[in-house]
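No hydrogens, no waters, no symmetry mates; every other heavy atom, side chains included, goes into these values.
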Amino acid sequence: MEFISANMAPIMFAGLIVFLLMGFSVAFSLAAAGLTFGFIGVELGLLPASLMQALPLRIFGIMQNETLLAIPFFTFMGLILERSGMAEDLLDTIGQLFGPIRGGLAYAVIFVGAMLAATTGVVAASVISMGLISLPIMLRYGYDRRLASGVIAASGTLAQIIPPSLVLIIMADQLGRSVGELYKGAFIPGFVLTGLYVGYVLLITLWKPTWAPALPPEARTIREDDGSAGLKSLGVLTVLSVGTAIAFAKTRPDTTPTDEMIVLSMCVGVGVAFVLAVVNKVLKLGLLSRMAERVTFVLIPPLGLIFLVLGTIFLGIATPTEGGAMGAVGALVMAVSRNRLSLKLMRQAMDSTMKLSCFVVFILLGSTVFSLAFQGVDGHIWVEHLLTSLPGGQLGFLIVVNILIFVLAFFLDFFELSFIVVPLLGPVAEKLGIDLVWFGVLLAINMQTSFMHPPFGFALFYLRSVAPTSDYDDKVTKKRVAKVTTGQIYWGAVPFVVIQIIMVALVIAFPGMVSGGMDKKEEVNLDNVVIDMPTSADDGQPQMNQDQLFGPAGGASQPEEKAEDPMAVFKQADTAASR
């Protein structure tokens with residue numbers, strides 16, 4: 001009993017692992033471990049019996065947490081967009097645009113994956129959509145199966161780090177930080193990670209050009225009457241849009257946060273392109289090619305939705321919950337404009353949203369029960385002593401924590417990691433002087449690997465569910481196409497897991513990558529502060545000189561008769577004002 005009393009915290013954590021290994025769901029495992037060891041602690045005298053009476057208040061606190069409302073809003077928005085055909089239109093258009101170059105379809109998948117991440121925020125929807133639409137086309141034209149599988153799975157997981165990410169909402173709630181701050185901090189790393197994916201595909205096209213061939217001429221359906229691709233007018237429109245965006249960015253103050261400047265500049269540039277395209281179409285000027293019009297009218301609506309949601313959050317106009325509500329309304333409007341909104345679609349979206357929201361809330365309830373008992377037995381002190389005693393200070397702590405998250409991600413998804421591990425790590429990181437917003441973004445990038453880890457990565461399971469399991473005859477080319485094996489999907493994911501690890505190292509090495517998107521604080525040099533007191537009044541009221549406020553220069557004391565009433569000068573001023 002003495003041993004149990006002295007080591008209740010590690011025994012409790014081991015008990016949670018036993019519950020999980022027995023096959024119980026995470027939510028009930030957390031609650032069972034918390035209640036079991038809580039009552040054991042009460043019987044051993046480690047916990048007061050009144051501690052468990054705090055559970056109802058903690059549960060009601062969860063129900064009153066408005067931040068969690070953003071989860072159903074963003075989930076509903078993503079599901080409506082995914083079922084309204086937006087992903088299909090984007091992949092078809094961007095695939096035609098990038099098709100003439102080697103690896104064009106892979107670039108299109110990465111670009112559309114980033115677009116879907118910034119609108120849907122749901123990994124499953126992105127991976128399944130791109131797997132159903134892009135994978136058959138990539139196989140049809142000779143893409144290597146490992147490259148095609150890895151690109152689709154990795155691009156779908158961008159929804160983990162690019163706002164509005166669900167994991168960032170959970171992370172903000174667990175770390176006690178603003179969702180908007182984590183969105184701003186993750187903005188630049190999300191685009192950097194997308195660029196690393198593009199760089200990997202570029203290396204593949206140079207090293208193994210047969211793995212990522214260009215689309216053949218007969219597959220390029222968007223053409224002009226003379227057979228050209230019509231890229232000149234698109235290039236001119238792009239130059240005008242980018243030029244306008246850069247010119248607008250230069251007019252912003254130097255203190256403008258990077259993420260805010262990027263969003264506003266892109267909004268202005270895209271708005272100019274859309275207005276020019278609408279004017280050209282309405283007046284039938286014929287200045288834009290079919291490709292230019294198609295790209296403009298397919299890209300602008302989702303970009304507009306991104307600006308509506310993220311722009312209002314970054315500018316401080318709306319909270320993340322309000323931004324999610326506006327995004328849900330915008331998704332419904334886009335579905336109506338495409339004539340895709342139906343009662344069946346609404347029912348499917350609401351059903352999936354309800355399931356995910358209940359899943360999150362139940363895990364949060366279980367983690368609340370566990371954390372109450374764990375803190376009651378001084379578990380947080382045990383974890384703090386364990387991690388603060390690591391050699392290397394902050395760097396040693398970050399290395400060990402990231403290795404721990406990477407290993408646990410083989411078995412747990414990001415929801416479970418966020419609710420079980422992050423509450424234990426956050427206080428220790430704060431005590432070591434680590435900014436929790438930066439720490440949250442770093443962990444979110446690491447948790448992204450939980451979707452890509454062979455053999456348990458959920459993104460790999462999603463792709464496996466829609467990839468062909470047997471050889472089939474292609475409907476377009478009439479050729480026999482080989483199946484995609486599970487091993488090819490797993491090996492295709494490995495390079496992208498390595499890229500995500502490199503991204504974690506880059507964030508640790510260059511913390512400004514995260515803080516660059518945060519609000520810039522104006523620094524005040526106290527040496528240059530000058531207090532200038534007026535010596536004469538224009539309104540006839542008596543004024544106080546420097547000696548009356550601060551005493552005579554040089555620290556000389558006032559005559560004793562003047563020091564009898566320190567408030568005399570203020571009383572005189574009030575008397576004169578009343579007269």
Side-chain angles (χ1 to χ4, degrees), residues 66-84 86-87 89-90 111-123 125-126 129 156 158-173 178-191 194 245 257-271 274 298-338 341 349 352-353 356-357 441 444 517-519:
E66 294 185 1
T67 301
L68 298 177
L69 279 175
I71 294 175
F73 283 139
F74 283 123
T75 304
F76 181 78
M77 177 184 76
L79 293 171
I80 289 292
L81 290 175
E82 183 261 330
R83 288 171 170 80
S84 65
M86 183 190 73
D89 293 341
L90 282 172
F111 182 80
V112 173
M115 289 280 294
L116 293 178
T119 51
T120 64
V122 182
V123 173
S126 300
S129 298
L158 287 173
Q160 284 289 99
I161 189 61
I162 295 180
S165 165
L166 296 184
V167 68
L168 293 177
I169 299 175
I170 301 297
M171 198 73 67
D173 178 70
S178 165
V179 177
E181 289 181 348
L182 263 78
Y183 277 2
K184 291 180 178 181
F187 192 76
I188 296 176
F191 283 106
T194 305
T258 305
D259 62 328
E260 180 181 321
M261 183 180 298
I262 293 174
V263 169
L264 286 176
S265 302
M266 289 178 64
C267 184
V268 171
V270 168
F274 184 69
V298 168
L299 285 182
I300 294 302
L303 285 175
L305 187 61
I306 293 172
F307 297 142
L308 175 66
V309 176
L310 297 183
T312 53
I313 294 174
F314 288 167
L315 296 176
I317 300 174
T319 64
T321 301
E322 295 166 346
M326 291 191 295
V329 174
L332 291 174
V333 172
M334 288 181 61
V336 170
S337 65
R338 284 186 165 89
L341 189 64
S352 299
T353 301
L356 181 63
S357 301
V441 173
M518 305 296 295
D519 293 336

> Does some side-chain heavy atom of Met171 sit less than 4.5 Å from a side-chain heavy atom of Ser165?
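When only atoms from C-beta onward are counted, Met171 and Ser165 do not touch, as no gap falls below 4.5 Å.
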> Shortest non-hydrogen contact from Pro302 to Leu90?
CG-CD2, 4.3 Å
> Once salt bridge (charged side-chain N to carboxylate O under 4.0 Å, His left out) is applied, do any residues pair with Asp89, and if so which ones, sequence neighbours excluded?
Arg338
> Rounded to the nearest 0.5 Å, what's the gap from CG on Leu303 to CE on Met115? Could you check?
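The distance works out to 4.0 Å.
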> Just verifying a value: how many Å separate Phe76 CZ and Leu332 CG, rounded to the nearest 0.5 Å?
4.5 Å
> Going by the rule side-chain contact (heavy atoms from CB on, under 4.5 Å), which residues pair with Ala114 if we only count those two or more places apart in sequence or in a different chain?
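Leu158, Ile162, Thr194.
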> Would you say the side chain of Val309 lies within less than 4.5 Å of the side chain of Met77, judging by non-hydrogen atoms?
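When only atoms from C-beta onward are counted, Val309 and Met77 do touch, with a gap below 4.5 Å.
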> Could you report the tightest heavy-atom contact between Phe73 and Ala328, atom names first, then the distance?
O-CB, 4.1 Å
> Less than 6.0 Å separating the ring centroids of Phe187 and Phe191?
yes
> Under the rule for side-chain contact (heavy atoms from CB on, under 4.5 Å), what residues qualify as partners of Thr312, not counting sequence neighbours?
Ile317, Ala318, Met326
> I'd like to check Leu264 versus Val268 (side-chain heavy atoms, cut-off strictly below 4.5 Å). Are they in contact?
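SC-SC contact between Leu264 and Val268 ruled out.
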> How would you list, by chain and number, every residue that makes a side-chain contact (heavy atoms from CB on, under 4.5 Å) with Thr319, sequence neighbours excluded?
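So Thr319 forms a side-chain contact (heavy atoms from CB on, under 4.5 Å) with Thr321, Glu322.
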> Run the side-chain contact (heavy atoms from CB on, under 4.5 Å) test against Ala335 and tell me which residues pass, sequence neighbours left out.
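Scan of Ala335 (side-chain contact (heavy atoms from CB on, under 4.5 Å), adjacent residues dropped) gives Ile80, Ser84, Leu341.
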> Take Ile71 and Thr353 through the side-chain contact (heavy atoms from CB on, under 4.5 Å) test and state the conclusion after the steps.
CA-CA 9 Å; Ile71 294 175; Thr353 301; over 6 Å; no
> Phe111: what forms a ring-ring contact (aromatic ring centres under 6.0 Å, His included) with it, not counting sequence neighbours?
none
> Please find the pair of heavy atoms, one from Ala186 and one from Leu168, that lie closest to each other, and give the distance.
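Minimum heavy-atom contact is CB-CD1, 3.6 Å.
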> Is any side-chain heavy atom of Pro320 closer than 4.5 Å to one of Ile169?
no
> Which atom pair, heavy atoms only, marks the closest approach of Leu79 to Ser352?
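Of all heavy-atom pairs spanning Leu79 and Ser352, the closest is CD1-CB, 3.4 Å.
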